[in-house]
Amino acid sequence: MENENLQDRHIKSYVVRAGRITAAQTRALAELGPKYLVAVEEGKYLNPTELFGREAPLVVEIGFGMGKSFTQMAQEDPNSNYLGIEVHPPGVGSALMLVEELGLKNVRIIQYDAFEIFKHHLREECIDILQVFFPDPWPKKRHFKRRLINDDFISMVAPSLKHGGLVRLATDWEEYAMQMLDVMTRASGFSNTASNGSFIDRPAWRPLTKFELRGERLGHGVWDLVFKRD
C-alpha cells in the first residue's frame with residue numbers, strides 16, 4: 001500500500017515546455033494523429049492486438065524525443081510492433097511525419113504520461129522489450145529525484161514485462177549510468193545480460209543519433225544496459 005501511495009504521488013521526470021512547434025508538426029498532429037495516435041480511455045486496458053491489427057512482439061519506448069531513432073528501429077524490425085510514449089507535442093508531431101513518410105505499419109504512439117499508462121492501461125506480461133534511451137539526466141543534485149529510472153519506476157513497470165522480456169537503457173551521463181546499473185542490479189526478478197555484470201558494448205540494434213555523434217566528438221561516453229526479466 002505504501003508503494004502504491006508513493007507511485008500515486010510520483011514526481012514527474014519531465015516538464016512539458018512551451019517550446020516552439022513547427023507548422024508541419026502541428027499539421028501532423030491534426031491530420032496524422034487520428035491514424036497513429038492511441039486514444040487512452042479511463043479504466044480501459046490497451047489491447048496491442050487491436051492497436052496493430054496483428055499479434056507480434058511488442059516493443060515499448062518511453063520518451064522517444066523527435067522519433068528518428070524510434071522509427072528507424074521500427075523500420076528495421078517489421079516483425080515487431082512498436083509503441084512509443086512521448087508527452088512533448090513537437091516530438092510527437094515529428095514522429096508522426098516520419099511514420100507516414102516511411103510507411104510504417106508497425107508503429108503506434110501515445111501522447112500521455114508513461115506512469116499513468118503503466119499503472120492503469122497495460123496488462124501484466126504484455127511487453128517483450130521496454131526501452132528508455134537518453135532520458136533527461138536532471139544533472140543538478142536537487143533534481144535527482146526527478147530521474148525516471150529509479151526503484152519505484154522499475155517496480156511499477158516490471159509486471160508488464162513478459163518473463164524473458166528485456167529492459168534496454170542508455171545514457172551519456174556516467175553518474176546516471178551508475179545509478180541505472182545500481183537500480184537494475186537490485187531490482188527483484190531481473191538479471192544483467194552483460195557477461196561482466198556491468199554495461200554492454202554499444203549495441204548495433206540501437207541507431208546512432210546526431211545527439212550521440214555530437215557527444216562522441218566532444219569526448220562524451222555512452223553507457224548501455226540490458227536486463228532480462230527472469
Side-chain angles (χ1 to χ4, degrees), residues 3 7 13 48 52 55-65 67-86 106-107 114-115 117-119 122-138 144 147-209 211-213 215-216 220-230:
N3 287 339
Q7 290 170 6
S13 63
F52 293 92
E55 288 193 18
L58 180 62
V59 180
V60 175
E61 181 165 333
I62 297 175
F64 55 69
K68 187 172 182 181
S69 172
F70 173 65
T71 53
Q72 183 178 336
M73 290 186 72
Q75 182 183 33
E76 295 173 354
D77 183 20
N79 293 323
S80 296
N81 293 330
Y82 280 72
L83 180 63
I85 305 175
E86 177 60 70
N106 61 334
V107 172
F115 269 80
I117 297 301
F118 276 87
K119 281 165 56 181
L122 286 175
R123 296 186 185 279
E124 293 187 358
E125 297 184 37
C126 68
I127 298 173
D128 293 87
I129 297 174
L130 172 65
Q131 50 195 38
V132 184
F133 300 141
F134 305 103
D136 194 327
W138 294 101
F144 282 5
R147 288 178 172 176
L148 179 64
I149 308 303
N150 57 44
D151 296 325
D152 293 317
F153 175 76
I154 296 302
S155 176
M156 180 185 68
V157 302
S160 297
L161 270 171
K162 294 178 181 178
H163 292 282
L166 302 176
V167 174
R168 297 171 169 174
L169 306 173
T171 181
D172 62 336
W173 284 77
E174 185 173 11
E175 188 271 336
Y176 194 9
M178 297 308 299
Q179 176 181 324
M180 289 178 174
L181 179 59
D182 288 344
V183 167
M184 293 306 306
T185 298
R186 64 174 171 260
S188 177
F190 284 93
S191 300
N192 196 338
T193 65
S195 58
N196 62 358
S198 184
F199 302 97
I200 64 168
D201 293 334
R202 192 196 180 286
W205 42 257
R206 184 172 63 73
L208 190 63
T209 65
F211 170 81
E212 192 174 350
L213 284 168
E216 284 186 353
H220 297 172
V222 172
W223 293 264
D224 282 90
L225 289 163
V226 177
F227 274 71
K228 179 189 291 187
R229 188 183 180 199
D230 300 334

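Residue numbers count from 1 along this sequence. Quantities reported herein were computed from a predicted structural model and do not represent experimental measurements.
In this structure, L166 and L130 have side chains that are not in contact, with every pair of non-hydrogen atoms separated by 4.5 Å or more. Using a 4.5 Å cut-off on side-chain heavy atoms (C-beta onward), L169 and M184 make contact. You'll find the side chain of T185 stays beyond 4.5 Å of the side chain of F190, heavy atoms only. Looking at T171 and M180, their side chains come closer than 4.5 Å, going by heavy atoms from C-beta outward. Under the 4.5 Å side-chain criterion, counting only non-hydrogen atoms from C-beta, E212 is in contact with V222.
Rounding to the nearest 0.5 Å gives a distance of 9.5 Å between OG of S160 and CD of E125. Atom CG of residue D128 and atom CZ of residue R229 lie 12.0 Å apart, to the nearest 0.5 angstrom. If you take CG on L225 and CD1 on I149, they are separated by 9.5 Å, rounding to the nearest 0.5 Å. Note that CG of N192 is 9.0 Å distant from CD1 of I200, once rounded to the nearest 0.5 Å.
Nearest heavy-atom pair across P57 and N79 is CD-O, 3.5 Å. Residues F115 and L148 share a closest heavy-atom pair of CE1-CD1, 3.8 Å. The minimum heavy-atom distance linking R168 with V226 is given by the pair CG-CG2, 4.1 Å. The minimum heavy-atom distance between P135 and Y176, with the atom names listed, is CG-CE2, 3.7 Å. Residues Y82 and M73 come closest through the heavy atom pair OH-O, 3.6 Å. Closest heavy-atom contact between I127 and L58: CG2-O, 3.7 Å.
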From CA spacing to verdict: side chain to side chain contact (heavy atoms under 4.5 Å, CB included), N81, V59 | CA-CA 6 Å; N81 293 330; V59 180; over 6 Å; no
Give the C-alpha distance, both sets of side-chain angles, the deciding distance and a yes or no for side chain to side chain contact (heavy atoms under 4.5 Å, CB included) between I129 and Q131.
-> CA-CA 6 Å; I129 297 174; Q131 50 195 38; 3.9 Å; yes
Begin with the C-alpha distance, continue with both residues' side-chain angles, and end with the deciding distance and a verdict on salt bridge (Lys or Arg N to Asp or Glu O under 4.0 Å) for R206 and D224.
-> CA-CA 10 Å; R206 184 172 63 73; D224 282 90; 2.9 Å; yes
CA sep, side-chain torsions, deciding dist, call: R202, L208, side chain to side chain contact (heavy atoms under 4.5 Å, CB included) = CA-CA 10 Å; R202 192 196 180 286; L208 190 63; 3.6 Å; yes
Stepwise side chain to side chain contact (heavy atoms under 4.5 Å, CB included) check, L161 with F227 | CA-CA 11 Å; L161 270 171; F227 274 71; over 6 Å; no
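No hydrogens or angles considered: a donor-acceptor pair under 3.5 Å links the side chains of S80 and D77.
A donor-acceptor pair is defined here as one N or O able to donate and one able to accept, closer than 3.5 Å; no such pair exists between the side chain of S155 and the backbone of D151. When atom types are taken as modelled, the side chain of E86 and the backbone of G65 share a donor-acceptor pair closer than 3.5 angstrom. Although no hydrogens or angles enter the test, the distance criterion places a donor-acceptor pair under 3.5 Å between the side chain of T71 and the main chain of K68.
Figure legend: cation-pi geometry between R147 and W173 absent, as NZ or CZ is not positioned both under 6.0 Å from the six-membered ring centre and within 45° of its axis.
Counting non-hydrogen atoms of other residues, nucleotides and ligands closer than 6.0 Å to CD of E55 gives a total of 12 or fewer. In this structure, K162 places its NZ atom where more than 12 heavy-atom neighbours from other residues, nucleotides or ligands lie under 6.0 Å away. Within a 6.0 Å sphere centred on CG of D230, heavy atoms belonging to other residues, nucleotides or ligands number more than 12.
For F70 and F64, the ring centers are positioned less than 6.0 Å apart.
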